Amino acid sequence: MIYIMLKRLFDIIFSFLGLIIVSPLLVLIAIIVKLTSRGSVFYRGVRVGRKGKLFKILKFRTMIPDAERLGGSATSADDSRLTNFGKFLKRYKVDELPQLFNVLRGEMSFVGPRPEVKMYIDILAEKEKKIILSIRPGMTDLATLWDFREEDALKGSLDPEKTYADKIRPTKTKMQIDYIKNRSFLLDLKIIFKSIIRIFQ
């Protein structure tokens with residue numbers, strides 16, 4: 001399929017160029033993360049990729065060490081596990097920049113359903129799971145645009161995991177399936193453009 005070939009070619013070229021362009025910023029952020037909190041610079045969380053293959057998503061660390069042992073994967077804006085600099089990184093999605101490496105390696109795409117932890121994939125209906133895992137997960141998609149400030153939506157929740165599972169995940173699942181059924185190169189470009197605009201807004 002020509003679309004799939006164009007999409008992968010786009011991912012390779014622009015993830016490579018993107019890494020070159022933002023490399024000074026990546027170095028600066030890495031230094032600040034290291035100086036402002038103990039622990040590693042990067043967070044490598046296990047996510048479910050295309051055809052159910054597990055991979056490690058790469059992000060700048062925004063939380064205290066061993067944060068996953070102290071709470072779930074859903075993160076609210078007032079999560080006590082977030083570091084001060086981590087709150088800034090998460091607010092402006094800068095913690096996601098290292099995922100350009102995941103895109104370059106073919107584990108992710110620029111556009112596609114956001115990769116989830118296995119727990120949230122397991123609760124999907126088999127038909128939903130089959131559709132969502134049929135393509136590479138992405139850095140952004142229609143569901144991301146709808147729920148761009150997810151951490152704010154979870155703010156104040158006594159149980160962010162339950163709030164996410166009950167109030168956010170069902171709509172995200174529907175929008176992810178809608179994207180997959182209607183995806184095109186033009187739609188991908190629109191989503192990328194709108195995502196960039198949202199960040200600067």
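The structure displayed is predicted, hence computed values, not measured ones.
- Atom CZ of Phe42 is surrounded by more than 12 heavy atoms from other residues, nucleotides or ligands within 6.0 Å.
- In this structure, Arg47 and Leu54 have side chains that are not in contact, with every pair of non-hydrogen atoms separated by 4.5 Å or more.
- Leu186 and Leu6 are assigned to two separate hydrophobic clusters, defined by single-linkage of ILVMFWY side chains at heavy-atom distances under 4.5 Å.
- Cluster partners of Leu35 are Val27, Ile31, counting Ile, Leu, Val, Met, Phe, Trp and Tyr whose side-chain heavy atoms approach within less than 4.5 Å, directly or via other members.
- The neighbour count for Lys93 NZ, taken as heavy atoms of other residues, nucleotides or ligands under 6.0 Å away, is above 12.
- A donor-acceptor pair shorter than 3.5 Å cannot be found between the side chains of Thr144 and Arg198.
- Between Trp146 and Ile168 there is a side-chain heavy-atom pair separated by less than 4.5 Å.
- Between Asp95 and Thr62, the side chains place no donor N or O within less than 3.5 Å of an acceptor N or O (distance only, hydrogens not considered).
- Atom-to-atom distance recorded for Ile4:CD1 and Ser109:OG is 11.0 Å, nearest 0.5 angstrom.
- Of all heavy-atom pairs between Val111 and Ile191, the closest is CG1-CD1, 3.9 Å.
- Going from atom CD1 of Ile123 over to atom NZ of Lys118 covers 12.0 Å, rounded to the nearest 0.5 Å.
- Here the straight-line distance linking atom CG of Leu28 with atom OG of Ser23 works out to 11.5 Å at 0.5 Å rounding.
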Glu96 vs Lys59, side chain to side chain contact (heavy atoms under 4.5 Å, CB included): CA-CA, chis, key distance, verdict: CA-CA 5 Å; Glu96 310 277 358; Lys59 299 183 181 184; 3.7 Å; yes
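- The minimum heavy-atom distance linking Ile199 with Tyr92 is given by the pair CG2-O, 3.9 Å.
- For the pair Thr83/Met63, no side-chain contact is recorded, criterion being any heavy-atom separation below 4.5 Å from C-beta on.
- Counting heavy atoms from C-beta on, the side chains of Leu58 and Arg44 come closer than 4.5 Å.
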Which side-chain N or O atoms in residues 128-139 pair as donor and acceptor under 3.5 Å with protein atoms at least two apart or in another chain?
| residue | atom | partner | partner atom | Å |
| --- | --- | --- | --- | --- |
| Glu128 | OE1 | Ala125 | N | 3.0 |
| Lys129 | NZ | Glu126 | OE2 | 3.3 |
| Ser134 | OG | Ile131 | O | 2.5 |
| Arg136 | NE | Gly106 | O | 2.8 |

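- For residues 176-201, the set of pairs meeting the ring pair (Phe, Tyr, Trp, His ring centres under 6.0 Å) definition, not counting sequence neighbours, comprises Phe10-Phe185.
- Side chains of Ile57 and Arg114 form a contact here, defined as non-hydrogen atoms less than 4.5 Å apart.
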Verdict with reasoning, Leu100 to Val22, per side chain to side chain contact (heavy atoms under 4.5 Å, CB included): CA-CA 10 Å; Leu100 289 170; Val22 303; 4.1 Å; yes
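- Under the 4.5 Å side-chain criterion, counting only non-hydrogen atoms from C-beta, Phe55 is not in contact with Arg105.
- Counting only N and O atoms by type, the side chains of Tyr3 and Asp188 include a donor and acceptor under 3.5 Å apart.
- Taken to the nearest 0.5 Å, the CZ atom of Arg91 stands 12.5 Å off from the CG atom of Leu82.
- Hydrophobic clustering (ILVMFWY, side-chain heavy atoms < 4.5 Å, transitive): Leu9 and Ile20 are in one cluster.
- The side-chain heavy atoms of Lys7 and Asp11, taken from C-beta on, include a pair separated by under 4.5 Å.
- Evaluated for a side chain to side chain donor-acceptor pair (under 3.5 Å) with Asp178, the options Gln176, Lys174, Lys181 yield exactly one hit, Lys174.
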Full working for side chain to side chain contact (heavy atoms under 4.5 Å, CB included) between Tyr120 and Leu124: CA-CA 7 Å; Tyr120 289 122; Leu124 293 173; over 6 Å; no
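- Between Phe85 and Phe88, the angle of the ring planes stays under 30°, which puts this pair in the parallel group of the 30/60° scheme.
- Rounded to the nearest 0.5 angstrom, Ile192 CD1 and Ile196 CD1 are separated by 7.0 Å.
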Worked verdict on Leu145 versus Ser195 for side chain to side chain contact (heavy atoms under 4.5 Å, CB included): CA-CA 7 Å; Leu145 291 173; Ser195 296; 3.5 Å; yes
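- Between Val103 and Phe14 there is no side-chain heavy-atom pair separated by less than 4.5 Å.
- To the nearest 0.5 Å, the span separating CG on Leu89 from CG on Asn84 amounts to 11.0 Å.
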